[in-house]
Amino acid sequence: MQDYFLNFFSKMKHSLHMIKLRLTGNKFFSNTVWILFGRVLQMSLQLIVGMITVRYLGPSNYGIIEYTKSYVAFLAVIAALGLSNIAVKELLEQPDKQGQTLGTMIAFRICCGILSTAIITLLVYFV
């Protein structure tokens with residue numbers, strides 16, 4: 001019975017060692033781990049800063065900030081309008097018109113940003 005367990009643990013140790021060798025050499029796995037680590041760190045810092053901000057400002061002042069932040073987040077989607085996906089598609093389909101495509105996309109993003117800023121300003125003052 002003891003030999004069975006020793007053999008079992010020996011095989012498990014060998015299997016884990018082989019998995020470790022495969023994963024550490026895999027660039028996809030390494031990049032995934034770094035991305036996950038970055039997201040967890042970002043969420044942790046947001047939680048800590050949020051708690052400190054709430055304690056400092058109090059519920060009513062923090063509510064005003066969150067109310068404004070919700071409008072900004074909503075209108076940021078309108079300002080972006082999925083232009084990055086369209087830009088990539090156009091750049092791949094027509095590589096000879098890169099300058100024109102990028103210029104048009106940048107000008108359109110600036111116009112949408114200005115429009116969103118105007119809408120946010122109006123909403124904050126009149127709502």
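For this chain, numbers begin at 1 and follow the sequence in order.
A single hydrophobic cluster is not seen to contain both Ile106 and Phe108; linkage of ILVMFWY side chains at heavy-atom distances under 4.5 Å, directly or through other members, places them apart. Val54 and Ile65 end up in the same hydrophobic cluster when Ile, Leu, Val, Met, Phe, Trp and Tyr side chains are linked at under 4.5 Å. Cluster membership for Met105 and Ile110, using ILVMFWY side-chain heavy atoms within less than 4.5 angstrom, is not shared. Both Phe74 and Leu115 belong to a common hydrophobic cluster when Ile, Leu, Val, Met, Phe, Trp and Tyr are linked at side-chain heavy-atom distances under 4.5 angstrom. One hydrophobic cluster, built from ILVMFWY side chains closer than 4.5 Å, cannot hold both Met51 and Val49; they sit in different ones.
Residues Leu57 and Tyr62 approach most closely at CB-N, 4.1 Å, considering heavy atoms.
Evaluation of the side chain to side chain contact (heavy atoms under 4.5 Å, CB included) rule for Lys89 yields Glu93 as partners, not counting sequence neighbours. The side-chain hydrogen bond (donor to acceptor under 3.5 Å, both in side chains) test applied to Gln100 returns no partner, not counting sequence neighbours.
Atom-to-atom distance recorded for Leu41:CG and Gln46:CD is 10.0 Å, nearest 0.5 angstrom. Note that CD1 of Ile119 and CD1 of Ile114 are 12.5 Å apart. Values are rounded to the nearest 0.5 Å. Rounding to the nearest 0.5 Å gives a distance of 11.5 Å between CD1 of Ile86 and CG of Leu91. Rounding to the nearest 0.5 Å gives a distance of 10.0 Å between CG of Leu47 and CD1 of Ile52. Annotation: the span from Leu36 atom CG to Asn31 atom CG amounts to 11.0 Å, rounded to 0.5 Å. Rounded to the nearest 0.5 Å, atoms CD (Gln98) and CG (Leu92) are 9.5 Å apart.
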